[in-house]
A.B. asks: 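Have a look at this one.
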Amino acid sequence: MQPIIIVLIILVVLVFIALVKTIQVIPQASAAIVERFGRYTRTLNAGLNIVVPFIDSIRNRIDLREQVVPFPPQPVITQDNLVVNIDTVIYYQVTDARAATYEVASYIQAIEQLTVTTLRNIIGGMDLERTLTSREEINAALRGVLDEATGKWGIRVNRVELKAIEPPTSIQDSMEKQMRADRDKRAAILQAEGVRQSEILRAEGEKQSSILRAEGEAKAAALRAEGEAQAIRTVFESIHAGDADQKLLAYQYLQMLPKIAEGDANKLWIVPSEIGDALKGLSGAMGNFGPMGGGSGFNPQNSGKDGGGIPAARDKGAADRREQPPID
């Protein structure tokens with residue numbers, strides 16, 4: 001009985017192993033290559049698949065999703081003989097599992113080497129400045145070459161990105177100095193423009209201030225002149241309303257004589273001819289006056305006879321001009 005039990009156990013184990021090898025479950029977005037006696041038979045897609053146990057074998061399981069592979073920095077020589085290190089990132093996707101398995105031994109290594117050689121060809125025709133500023137152009141050229149070369153391998157290159165471009169240390173120092181000089185230049189230009197704009201605004205403000213000040217002074221002068229005219233008009237109207245006689249006018253003139261005589265340069269007085277008649281009347285009202293300046297004066301003896309002692313030279317109503325000695 002024991003040998004029979006052992007045989008049954010062995011048969012059960014073999015059946016279980018056969019079932020395991022017969023039923024193959026392939027995950028989503030994956031594929032499997034089936035070989036029969038070492039020869040490609042078919043490709044298993046996602047889901048439940050049946051294979052012949054101990055005859056069919058799974059050669060390779062391939063992920064059909066998009067893959068991201070970063071490559072280490074590669075030294076590349078530019079057109080102006082400068083060595084730069086470039087990091088690249090490849091986004092690819094397997095579209096044909098059979099071609100990816102049998103057309104190339106290792107498609108990852110093949111893509112890496114193809115990327116390096118293509119990148120050297122592209123960068124070799126550019127100088128450093130163009131290399132640093134033409135990433136999109138380099139990416140497009142590199143992607144076109146890789147996509148064309150990897151098509152027969154069942155690979156589609158979706159994107160190629162240059163992760164970093166590192167020039168030599170001396171070139172980096174020179175670039176930093178140049179960038180610093182450019183920033184200082186732009187700062188100086190902006191500062192000069194700011195000073196210029198400030199001066200323009202200040203000049204415009206001073207101009208507006210001068211204009212407003214001149215307008216204010218003009219208005220003030222006009223108002224002052226109008227006020228003086230109004231004052232003169234008021235005085236004139238008051239005099240006429242009060243019916244002032246020659247005595248009052250002569251008295252007012254005598255009060256103004258000290259102001260007229262102020263200053264060393266006042267050596268010539270212009271005396272109206274009508275003032276003589278006014279003083280004649282005033283002499284009779286106010287009494288005796290002393291001599292005035294040496295040219296005109298009252299005479300006490302003649303004041304009662306002819307109404308005044310002021311000699312006046314008249315030429316058909318013209319004004320008398322008498323020179324008076326300077327008043328100390």
Side-chain angles (χ1 to χ4, degrees), residues 1-74 76 86-122 136 138-164:
M1 293 294 295
Q2 290 183 354
I4 296 174
I5 295 174
I6 293 173
V7 172
L8 290 176
I9 292 173
I10 292 174
L11 290 177
V12 171
V13 171
L14 290 177
V15 170
F16 179 76
I17 294 174
L19 289 176
V20 171
K21 287 183 174 295
T22 300
I23 299 174
Q24 296 290 333
V25 178
I26 306 300
Q28 183 66 34
S30 298
I33 302 298
V34 178
E35 292 181 349
R36 180 171 295 177
F37 299 113
R39 184 178 179 180
Y40 171 76
T41 302
R42 60 195 175 104
T43 300
L44 300 182
N45 296 321
L48 182 64
N49 295 273
I50 305 297
V51 297
V52 179
F54 306 107
I55 296 176
D56 294 339
S57 62
I58 304 299
R59 166 67 186 273
N60 191 14
R61 294 178 183 268
I62 298 176
D63 193 346
L64 300 179
R65 294 175 296 179
E66 186 174 6
Q67 304 293 322
V68 181
V69 179
F71 295 143
Q74 299 294 330
V76 181
I86 299 179
D87 297 350
T88 55
V89 179
I90 304 296
Y91 296 81
Y92 73 93
Q93 185 176 10
V94 178
T95 57
D96 189 353
R98 178 182 177 278
T101 303
Y102 295 105
E103 293 296 334
V104 62
S106 175
Y107 55 83
I108 297 295
Q109 185 178 1
I111 291 175
E112 180 180 0
Q113 297 301 321
L114 184 60
T115 301
V116 172
T117 55
T118 305
L119 190 62
R120 288 176 178 174
N121 292 333
I122 296 174
E136 293 296 332
I138 297 173
N139 293 339
L142 190 59
R143 179 183 177 276
V145 174
L146 290 176
D147 196 18
E148 182 180 358
T150 57
K152 64 180 181 179
W153 300 339
I155 307 295
R156 183 177 68 242
V157 177
N158 296 327
R159 294 184 63 184
V160 179
E161 294 292 338
L162 300 182
K163 187 167 61 174

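Computed from a predicted model, the values in this text were never measured in an experiment.
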A.B. asks: Backbone N or O of Val52 within a donor-acceptor pair of the Asp56 side chain at under 3.5 Å?
C.D. replies: yes
A.B. asks: I would like to know whether Ile17 and Phe54 meet side-chain contact (heavy atoms from CB on, under 4.5 Å); could you show each step before the answer?
C.D. replies: CA-CA 10 Å; Ile17 294 174; Phe54 306 107; 4.1 Å; yes
A.B. asks: Mind listing the closest non-hydrogen atom pair of Ala29 and Arg65 along with its distance?
C.D. replies: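 Looking at all heavy atoms of both residues, the closest pair is CB-CG, 3.7 Å.
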A.B. asks: Can you tell me which residue among Thr117, Ile111, Thr118 is in a side-chain contact (heavy atoms from CB on, under 4.5 Å) with Thr115?
C.D. replies: Ile111
A.B. asks: Identify the heavy atoms of Ala97 and Ala31 that sit nearest to each other, and give their distance.
C.D. replies: CB-CB, 4.0 Å
A.B. asks: Of the non-hydrogen atoms in Glu35 and Thr41, which two are nearest, and what is the gap between them?
C.D. replies: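 Smallest interatomic distance, heavy atoms only, reads C-OG1, 3.9 Å.
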A.B. asks: According to side chain to side chain donor-acceptor pair (under 3.5 Å), who are the partners of Arg120, at least two apart in sequence or on a separate chain?
C.D. replies: none
A.B. asks: Please answer whether the main-chain N or O of Asp147 pairs with a side-chain N or O of Arg156 as donor and acceptor at a distance below 3.5 Å.
C.D. replies: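 No, Arg156 side chain to Asp147 backbone: no donor-acceptor pair under 3.5 Å.
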A.B. asks: When rounded to the nearest 0.5 angstrom, what is the spacing between CD in Glu136 and CD in Glu161?
C.D. replies: 6.5 Å
A.B. asks: side-chain contact (heavy atoms from CB on, under 4.5 Å) for Ile58 and Val34? Distances and angles first, verdict last.
C.D. replies: CA-CA 5 Å; Ile58 304 299; Val34 178; 3.9 Å; yes
A.B. asks: Output, in order, the C-alpha distance, side-chain angles, deciding distance and verdict of side-chain contact (heavy atoms from CB on, under 4.5 Å) for Gln109 and Val104.
C.D. replies: CA-CA 10 Å; Gln109 185 178 1; Val104 62; over 6 Å; no
A.B. asks: Show the nearest heavy-atom pair for residues Leu64 and Gln93, with the distance to one decimal.
C.D. replies: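 That closest heavy-atom pairing would be O-NE2, 3.0 Å.
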A.B. asks: Does the side-chain contact (heavy atoms from CB on, under 4.5 Å) test come out yes or no for Leu146 and Tyr92, once each step is laid out?
C.D. replies: CA-CA 10 Å; Leu146 290 176; Tyr92 73 93; over 6 Å; no
A.B. asks: Donor-acceptor pair, Thr88 side chain versus Phe71 backbone, under 3.5 Å?
C.D. replies: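 Not confirmed, Thr88 side chain does not pair with Phe71 backbone.
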A.B. asks: So, do Arg61 and Ile26 sit near enough that their side-chain heavy atoms are less than 4.5 Å apart?
C.D. replies: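 Yes; the side chains approach each other to less than 4.5 Å.
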A.B. asks: If you round to the nearest 0.5 Å, how far is CD1 of Ile33 from CD1 of Ile62?
C.D. replies: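 These two atoms lie 5.0 Å from each other.
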A.B. asks: To the nearest 0.5 Å, how far apart are CG in Leu119 and CD1 in Ile86?
C.D. replies: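 Going from CG on Leu119 over to CD1 on Ile86, the span is 4.5 Å.
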A.B. asks: Between atom CG of Asn139 and atom CZ of Arg159, what is the distance when rounded to the nearest 0.5 Å?
C.D. replies: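 If I round to the nearest 0.5 Å, the distance is 8.5 Å.
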A.B. asks: Enumerate the residue pairs fulfilling salt bridge (charged side-chain N to carboxylate O under 4.0 Å, His left out) with a member in residues 37-51, sequence neighbours excluded, ordered by first and then second residue.
C.D. replies: none
A.B. asks: Tell me which one of Ile90, Asp96, Thr150 satisfies side-chain contact (heavy atoms from CB on, under 4.5 Å) with Ile155.
C.D. replies: Thr150
A.B. asks: At their closest point, which heavy atom of Pro70 faces which heavy atom of Lys163, and how far apart are they?
C.D. replies: CB-NZ, 4.3 Å
A.B. asks: Tell me, please, which residues at least two apart from Asn45 pass side-chain contact (heavy atoms from CB on, under 4.5 Å).
C.D. replies: Thr43
